[in-house]
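The shown structure was predicted, so the numbers you read here are calculated from the model rather than taken from an experiment. Only this structure's heavy atoms are used, side chains among them; waters, hydrogens and symmetry mates stay out.
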Protein chains: 2
Amino acid sequence: MDPHLLTTFVTVARHGSFSAAAAELGYTQSAISQQIAALEADLGLALLRRRPVEPTPAGRRLLEHAGPLLLRLRAARADVLRTAAEPSHLLRVAATPLAVNPVVAARLAAARAAQPRLEVRLRTCRAERLAALVAEGRAELGLAGGIAAPSDPLRLPESGPMSTAGVSEEDLVVVLEPGHPLAGRARLRLADLIDARWLDTPLCPLTRLRDLVGDGFPVGLEYEGDDVHTVLTLAAAGHGLTLLPASAVPAGGGPVCAVPVAAPRLVHRVELLHAALPPGPATALAAALAG
Amino acid sequence: MDPHLLTTFVTVARHGSFSAAAAELGYTQSAISQQIAALEADLGLALLRRRPVEPTPAGRRLLEHAGPLLLRLRAARADVLRTAAEPSHLLRVAATPLAVNPVVAARLAAARAAQPRLEVRLRTCRAERLAALVAEGRAELGLAGGIAAPSDPLRLPESGPMSTAGVSEEDLVVVLEPGHPLAGRARLRLADLIDARWLDTPLCPLTRLRDLVGDGFPVGLEYEGDDVHTVLTLAAAGHGLTLLPASAVPAGGGPVCAVPVAAPRLVHRVELLHAALPPGPATALAAALAG
DNA sequence: CTCAATTACGCGCTGCGTAAGGATA
DNA sequence: TATCCTTACGCAGCGCGTAATTGAG
């Protein structure tokens with residue numbers, strides 16, 4: 001159960017290939033083969049079936065453990081190193097695309113005005129990676145946005161001890177093509193849209209919607225990117241409906257028609273994530289963002 | 001951040017000595033010294049101050065991570081091995097001393113009557129170790145007992161993914177020496193006993209009591225064992241008060257006087273812990289115990 | 001027959017033990 | 001001075017790469 005071997009194992013499983021894993025990890029095929037053999041010998045059972053390369057039941061079980069385990073290991077390392085690092089004025093903030101809404105941007109501006117020396121490096125990333133980025137110390141702060149029932153916390157992947165605080169909640173609107181029969185309504189109930197075609201995007205994942213509202217929500221088009229403008233364009237062209245926070249839709253609707261959601265009440269919730277921070281600029285910014 | 005080095009580090013920190021850790025781990029003093037040096041070089045900072053040997057701030061931080069991390073590693077290993085093991089009729093059950101109360105004992109008897117081939121090996125252990133025993137696969141089932149507010153879950157040390165289920169809750173009694181001025185009352189409020197002398201025992205840790213009720217509860221005598229008879233004898237001799245589930249005090253009170261607690265309402269709660277179990281005797285027993 | 005994983009084998013590096021050295025109470 | 005950790009050094013075993021071999025599609 002050497003983490004080194006565990007890393008190799010998850011890489012092989014991800015690629016479904018020893019040679020591809022070898023290329024990624026900078027080893028020879030042979031070394032990978034020996035590492036997997038060593039892990040299997042250690043546990044006394046087969047973890048991968050060969051040709052095609054795919055995990056056995058025991059291997060699948062190990063994969064479920066390995067990811068979080070390796071993440072915690074990196075997180076522990078980052079946390080220990082953080083205790084020794086002196087407080088920096090450069091703060092790296094990772095955010096999901098919709099997390100930087102007007103409220104967050106305003107608070108960030110206020111914090112920068114209050115602390116002129118503060119330097120912020122903002123980057124966007126997918127929600128699944130956000131907690132890991134913060135845990136591993138590759139970002140001091142994380143802003144995670146997602147769809148939730150009002151006051152309910154987001155479902156973030158477990159990644160060790162981390163503080164979370166609610167930052168903002170914003171009502172959602174249904175984004176429709178202008179010619180849509182329901183466009184122009186003052187409010188819409190999601191239950192009435194359960195059979196309409198939907199866009200499946202990371203900004204509004206249909207799996208999450210089904211969790212919150214119920215089955216249905218057939219996929220019209222799947223968009224793997226997280227660009228709001230693209231989503232709006234796709235919606236305008238009638239590829240499907242989607243939910244966005246009101247502030248993400250241009251005033252007046254632009255090319256699309258935006259209708260508030262009447263029921264069930266859902267919000268785009270933003271949460272602030274951070275590991276234990278040293279006193280200094282980082283805590284100040286965290287406090288400013290949490291409001 | 002090799003787990004091997006981490007293990008060495010926690011052992012050295014626990015003993016406050018390189019040589020003692022060497023003896024425990026079966027290495028030479030020199031090897032331990034090299035391992036600690038390797039870990040410190042890897043992280044680029046000092047983890048231990050020598051002479052006396054004690055952790056630096058960074059070392060303390062690492063210690064907080066290392067324990068849970070190593071536990072999860074062992075737990076993952078146990079879990080993977082469990083998927084391959086065939087269901088056994090021998091079930092190892094670990095329980096805190098008071099967890100095996102009449103309710104639990106009766107359910108266990110019913111389960112054994114229903115499944116004649118069932119073989120149960122019961123052992124007692126302290127609450128802190130219980131979750132680790134189950135996580136590491138050294139026991140299939142764990143029965144954790146502790147003091148809690150009604151319907152509130154116990155505070156168990158975090159030890160990876162594990163199922164918990166409430167099993168029973170039993171009212172608590174205050175155990176007093178027969179000559180105590182408050183003996184003979186029909187009910188007592190804990191707030192009135194906050195200045196009395198208390199026994200500090202693992203069966204009723206005063207820290208937990210202070211968490212639930214408030215500061216106070218001065219220590220009369222600290223007993224590190226978990227033998228109920230000894231606690232009753234100490235209470236009878238006037239060394240201090242303690243709380244026990246009613247069923248743990250002999251009918252009539254025996255050498256002590258038992259008075260129900262009126263407020264706040266507290267119970268001795270028993271929870272069942274287990275990792276993902278293979279279908280078979282283990283799941284059947286778990287279901288029987290959970291009621 | 002081909003491609004990909006396994007096995008054989010040799011070498012270099014890591015990490016241990018022995019033993020000498022150094023720091024601290 | 002005694003104790004306990006550190007450093008020097010040599011050896012053994014582990015793990016990698018090269019290259020030959022096996023085996024599945």
Taking OP1 and OP2 of C/dC16, is either one under 4.0 Å from a side-chain nitrogen or oxygen of B/Gln35?
yes

Do the side-chain N or O atoms of A/Gln29 get closer than 4.0 angstrom to the phosphate oxygens (OP1, OP2) of C/dA5?
yes

Gap between atoms [atom1] and [atom2], on [X] and [N] respectively (whole Å):
X: A/His4; N: D/dC16; atom1: NE2; atom2: P; value: 6 Å
X: B/Ile36; N: C/dG15; atom1: CD1; atom2: C1'; value: 14 Å
X: B/Glu54; N: D/dC5; atom1: CD; atom2: C1'; value: 15 Å
X: B/Leu5; N: C/dT14; atom1: CG; atom2: P; value: 14 Å

Are any side-chain N or O atoms of B/Arg197 and backbone N or O atoms of B/Val219, one a donor and one an acceptor, separated by less than 3.5 Å?
yes

Side-chain donor or acceptor of B/Arg82 paired with backbone N/O of B/Pro278 under 3.5 Å:
no

Looking just at side-chain N and O atoms, do B/Gln29 and B/Ser33 make a donor-acceptor pair shorter than 3.5 Å?
no

Examine the base of C/dT7 for any acceptor or donor lying under 3.5 Å from a partner atom in the side chain of A/Ser30, and report the outcome as yes or no.
yes

Considering every strand and a 4.0 Å limit on heavy-atom distances, what is the contact class for [X]: base, sugar-phosphate, or nothing?
X: B/Arg51; answer: base
X: B/Ser33; answer: base
X: A/Ser19; answer: sugar-phosphate

